[in-house]
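Shown next, in structure tokens, is the structure this report addresses.
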Amino acid sequence: MLVLFETAAGYAIFKLLDEGKLQSIDDLYQQFENAESASKLVKLKHFSKFSDMTDALAAATAAVEGKMSKGLKKVLKKVFVSDMQEQLAVADAKLGSAIKEKLNISCVHSSAITELFRGIRGQMANLITGLA
């Protein structure tokens with residue numbers, strides 16, 4: 001499973017290394033207590049930095065509206081060329097529906113995914129290299 005994580009700097013696509021960890025969401029936070037354990041659960045596959053503030057604002061606006069921005073569409077087409085069988089974990093169900101409709105990529109959103117995003121957000125500086 002791949003994870004779409006949106007940051008203020010750009011879009012990050014992570015590979016979830018052990019999907020079995022999503023079965024027990026009560027313990028999921030423990031996987032993100034430090035950078036080492038977090039890196040055993042998720043690995044950065046691709047990062048697409050926003051070109052400027054206008055691009056970032058357009059992406060944020062589209063995300064709030066549950067729509068897919070042009071930049072996100074471009075990133076997903078690039079990443080999913082070779083991984084078409086993968087599911088994509090998304091933070092917003094509306095966005096997942098838009099992605100499924102336009103790109104035919106199976107998207108997942110659940111309480112376990114919400115906990116996964118919380119953990120990634122906590123370790124973001126360690127998981128995405130090059131961010132200040």
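A quick note: this is a predicted structure, and the numbers were derived from the prediction, not measured. Side chains are part of it too, since the values below use all heavy atoms of this structure and drop only hydrogens, waters and symmetry mates.
Under the salt bridge (Lys or Arg N to Asp or Glu O under 4.0 Å) criterion, K77 pairs with no residue, sequence neighbours left out.
The shortest side-chain heavy-atom distance between F47 and I13 does not fall under the 4.5 Å cut-off. The shortest side-chain heavy-atom distance between L57 and F50 does not fall under the 4.5 Å cut-off. A 4.5 Å side-chain heavy-atom check between N34 and N126 finds every atom pair outside the cut-off. Using a 4.5 Å heavy-atom cutoff, the side chains of L76 and I105 are in contact. Side-chain contact between L103 and M68: present, with at least one pair of heavy atoms (C-beta onward) separated by less than 4.5 Å. S69 places a side-chain heavy atom less than 4.5 Å from the side chain of Y11.
Closest of all the heavy-atom pairs between V90 and I113 is O-CG2, 3.5 Å.
With salt bridges taken as basic N to acidic carboxylate O contacts below 4.0 Å, none links E65 and K94.
With rounding to the nearest 0.5 Å, the separation of OG in S39 from CG in L17 is 8.5 Å. A distance of 10.5 Å separates CG of D92 from CG of L4, quoted to the nearest 0.5 Å. Rounding to the nearest 0.5 angstrom, the gap separating the OG atom in S97 from the NZ atom in K67 is 14.0 Å. Atom-to-atom distance recorded for K70:NZ and K73:NZ is 9.5 Å, nearest 0.5 angstrom. Put simply, NZ on K49 and CG on D55 are 11.5 Å apart, with the number rounded to the nearest 0.5 Å. In this structure, L16 CG and D18 CG are separated by 7.0 Å, a value rounded to the nearest 0.5 Å.
Ring geometry, F14 versus F5: the interplanar angle exceeds 60°, so the pair is classed perpendicular (tilted spans 30 to 60°).
With hydrogens and angles disregarded, a donor-acceptor distance shorter than 3.5 Å links the side chain of E19 to the backbone of M1.
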Q: Please report the C-alpha distance between H46 and V75 in whole Å, then the side-chain angles of each, then the deciding distance to 0.1 Å, and finally whether the side chain to side chain contact (heavy atoms under 4.5 Å, CB included) criterion is met.
A: CA-CA 9 Å; H46 179 79; V75 168; 3.9 Å; yes
